[in-house]
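Reviewing the structure listed below.
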Amino acid sequence: ADLYAFPNWSLACHYFNVGVALNLLATPVSFYLVESLDASAAVTNTYAALTYLPWCLKVFFGLQSDLVPVFGTHRRFYYALGWVVFFLCNCELWREGEPGIASTLLLSFVMTMGCLMSDTVADAIILECTTAGEAEADTGRMRTHGYLVRQVGSTLGSLGGAVIYNSKSDGGDWSWGFTIAQCFALQALFVGLTIFPLVPFMYELPVKLKGDAKALWRDMWTFVANDGVWVPLMYLYFYNLCFVSNPAWYNFLYDGLDFSNFAVGMLYTVGSLLSVVGLYVYEKVFFKTAWRPLYLWVTVISAGFSLLQVLLVTGETFGLPKILFATGDVSLQDFVQMLTFIPMCVMFFAMIPKGTEGTAYAMLSTWQNVAAEVGYDIGTSLDCGVNVSNSALEKGNWTGVLKLTIICGCIQFLPVFGIYVETPRDKVKLLPNDIAETTAQCERGRSSWWGAFAFFFLFSASIVVSLGQALYVIYYPNSC
């Protein structure tokens with residue numbers, strides 16, 4: 001269970017590349033959409049939603065990996081296939097030169113699908129190593145190290161995205177810079193040089209699954225029906241859903257405050273760096289801290305920083321440069337939110353039964369991703385109710401942005417009211433306090449058919465609605 005042992009170097013390199021993949025292109029593509037293609041706030045928010053949607057499909061990759069071995073292995077083939085898809089999509093966008101809105105969004109979605117296929121496999125391998133080789137007191141450390149490596153990659157990816165796409169011909173401030181096509185080519189080249197050479201040296205534990213897809217489905221239903229599982233999962237869905245992102249924020253930074261690609265890239269570079277710090281602080285300081293008080297103050301602080309963005313919109317930045325004030329608002333949120341992300345993962349480890357680690361962990365991690373995706377959808381819907389067009393932002397009409405900032409910030413406070421709540425009859429905590437309490441709630445053996453039904457219905461409906469809204473915005477980009 002050592003991420004840095006030679007057989008696991010491919011995993012370490014994978015998490016680094018996932019971090020780079022999530023951030024190297026994010027700022028250049030959003031800048032390209034707004035400045036070169038005049039994309040609306042709904043389109044840029046849909047780009048963010050589409051590149052997040054594959055995180056909601058990880059469970060299906062987990063099922064495939066668990067149930068259908070290829071060439072005698074359950075993990076390696078799918079791990080390599082995902083990165084091949086990612087590589088080819090970047091090559092196609094490079095070939096197109098100046099891709100349009102539909103091509104950019106759809107291929108970004110497919111490439112992220114490939115990346116997430118590999119990530120699902122990597123998560124399953126780490127969970128198997130955790131189960132086989134980590135002491136109970138250290139459960140989740142290998143997972144924490146993986147996320148730490150990923151956040152280092154995110155930081156460097158954000159920095160790279162800020163630097164490489166800044167030529168004046170593309171709306172930037174510098175006399176040089178890559179074209180958007182060259183940015184895609186660079187991403188493909190980096191994966192080709194760092195991921196593919198290490199695949200043959202990967203080590204994976206043998207997977208011994210009993211039964212078939214129907215048996216696995218019954219096991220998953222029984223697992224979720226446990227009151228100690230579905231009750232906390234419903235609260236975590238609500239918790240993640242409430243982090244509604246301001247759909248007009250990117251457009252406001254570019255067209256309202258006239259931030260360059262470099263400025264926004266540096267903003268998110270600091271955010272990625274503080275996420276690394278958040279992971280390190282969690283492992284060294286909060287690893288054994290009770291979860292409920294941690295969630296309480298982290299949620300309050302995060303929502304508070306979100307509402308501070310109101311001051312940036314109104315121009316009351318206390319004499320600080322707007323870019324510096326924006327860094328404090330946005331980037332510090334990344335730090336505090338990371339302190340709640342890892343406890344969720346550790347909680348999942350305590351819930352999952354042995355034998356279906358790939359599918360079960362993918363399903364639970366997908367659950368929180370589905371909720372966050374619905375948060376994006378809510379943000380996109382809110383965009384249709386106010387005037388946040390690019391022309392309005394350029395003219396200084398920021399009333400719509402102000403309304404969205406206040407609404408989104410207030411929504412983020414709502415999860416506070418459920419942190420210390422328990423079910424009236426069976427006293428199941430909506431948010432367990434630690435691993436021991438999570439395990440104890442699961443071991444009571446009480447279950448609910450309706451709890452499992454509600455979980456799977458909400459799971460499926462969220463994915464369908466999110467995909468439908470994304471496709472609608474792609475084909476009707478000016479619908480709001």
Side-chain angles (χ1 to χ4, degrees), residues 13-33 39 43-62 64-65 78-94 96 99 101-123 146-147 150-151 153-154 157-158 160-161 180 183-192 194-195 240 245 250 268 272 362 365-377 380 462-464 466-471 473-474:
C13 193
H14 160 84
Y15 283 109
F16 181 81
N17 272 275
V18 168
V20 172
L22 294 175
N23 290 276
L24 179 65
L25 294 175
T27 304
V29 170
S30 64
F31 190 79
Y32 171 73
L33 288 172
V43 170
T44 55
N45 199 57
T46 299
Y47 166 72
L50 271 175
T51 52
Y52 196 83
L53 184 57
W55 294 85
C56 304
L57 306 175
K58 289 181 70 174
V59 62
F60 304 109
F61 301 140
Q64 186 76 11
S65 174
Y78 297 107
Y79 175 86
L81 177 62
W83 282 115
V84 168
V85 170
F86 182 86
F87 177 85
L88 292 177
C89 287
N90 277 281
C91 288
E92 172 59 21
L93 287 166
W94 168 51
E96 291 185 17
I101 289 177
S103 182
T104 301
L105 267 60
L106 288 174
L107 285 174
S108 294
F109 168 68
V110 175
M111 77 166 73
T112 311
M113 285 272 286
C115 182
L116 266 296
M117 175 187 287
S118 300
D119 197 56
T120 303
V121 172
D123 284 345
Y147 281 128
R150 190 173 84 180
Q151 290 308 126
S154 295
S158 297
I180 193 65
C183 292
F184 289 120
L186 178 64
Q187 177 70 90
L189 179 64
F190 192 73
V191 169
T194 61
I195 288 286
N240 285 281
S245 61
Y250 264 119
Y268 288 96
S272 296
S365 60
T366 298
W367 178 249
Q368 62 181 4
N369 297 333
V370 164
E373 181 69 22
V374 174
Y376 277 116
D377 298 336
T380 301
S462 297
I463 293 175
V464 171
S466 297
L467 184 58
Q469 185 188 71
L471 292 174
V473 174
I474 288 174

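Computed from a predicted structure; not experimentally measured.
- Residues F109 and L53 have side chains in contact (heavy-atom distance under 4.5 Å, counting atoms from C-beta outward).
- Separation of atoms OG1 (T366) and CG (L116) is listed at 8.5 Å; rounding is to 0.5 Å.
- Here the side chains of F184 and C91 are not in contact, with every heavy-atom distance at 4.5 Å or above.
- Taking 4.5 Å as the limit, every side-chain heavy atom of T51 sits out of range of all side-chain heavy atoms of M111.
- Within the 3.5 Å criterion, the main-chain N or O of C115 finds no donor-acceptor partner in the side chain of D119.
- What you find for V110 and C89 is that their closest heavy atoms are CG1-SG, 3.5 Å.
- Under the 6.0 Å cut-off for aromatic ring centres, Y376 and Y52 qualify, their centroids lying closer than that.
- Using a 4.5 Å heavy-atom threshold, the side chains of L105 and L33 count as touching.
- Enclosure of atom CH2 in W55 by more than 12 non-hydrogen atoms of other residues, nucleotides or ligands within 6.0 angstrom is indicated.
- When all heavy atoms are compared, the tightest approach of E373 to C56 is CB-SG, 3.5 Å.
- E96 and S103 are linked by a side-chain donor-acceptor pair at a separation below 3.5 angstrom, with hydrogens and angles left out of the test.
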Verdict with supporting geometry, V85 and M117, side chain to side chain contact (heavy atoms under 4.5 Å, CB included): CA-CA 10 Å; V85 170; M117 175 187 287; over 6 Å; no

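- Under the 4.5 Å side-chain criterion, counting only non-hydrogen atoms from C-beta, T104 is in contact with Y32.
- Between the side chain of Y47 and the backbone N or O of S108, no donor-acceptor pair lies under 3.5 Å.
- Note that the CG atom of N240 and the CD atom of Q368 stand 5.5 Å from one another [nearest 0.5 Å].
- Panel note: side chain S118, backbone W83; a donor-acceptor pair is recorded below 3.5 Å.
- No side-chain donor-acceptor contact under 3.5 Å links N23 to the backbone of G157.
- Between Y79 and H14, the two ring planes are tilted [angle within 30° to 60°].
- Within the 3.5 Å criterion, the main-chain N or O of I463 finds no donor-acceptor partner in the side chain of S466.
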Criterion side chain to side chain contact (heavy atoms under 4.5 Å, CB included) on V20 and V191, from CA distance to verdict: CA-CA 10 Å; V20 172; V191 169; over 6 Å; no

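- A heavy-atom distance below 4.5 Å is not found between the side chains of S158 and T27.
- Summarising the geometry, atom CG belonging to L57 is positioned 5.0 Å from atom CE belonging to M113; distances are rounded to the nearest 0.5 Å.
- Here the side chains of N90 and L25 are in contact, with some heavy-atom distance below 4.5 Å.
- Closest non-hydrogen pair, A39 versus T44, comes out as CB-CG2, 4.3 Å.
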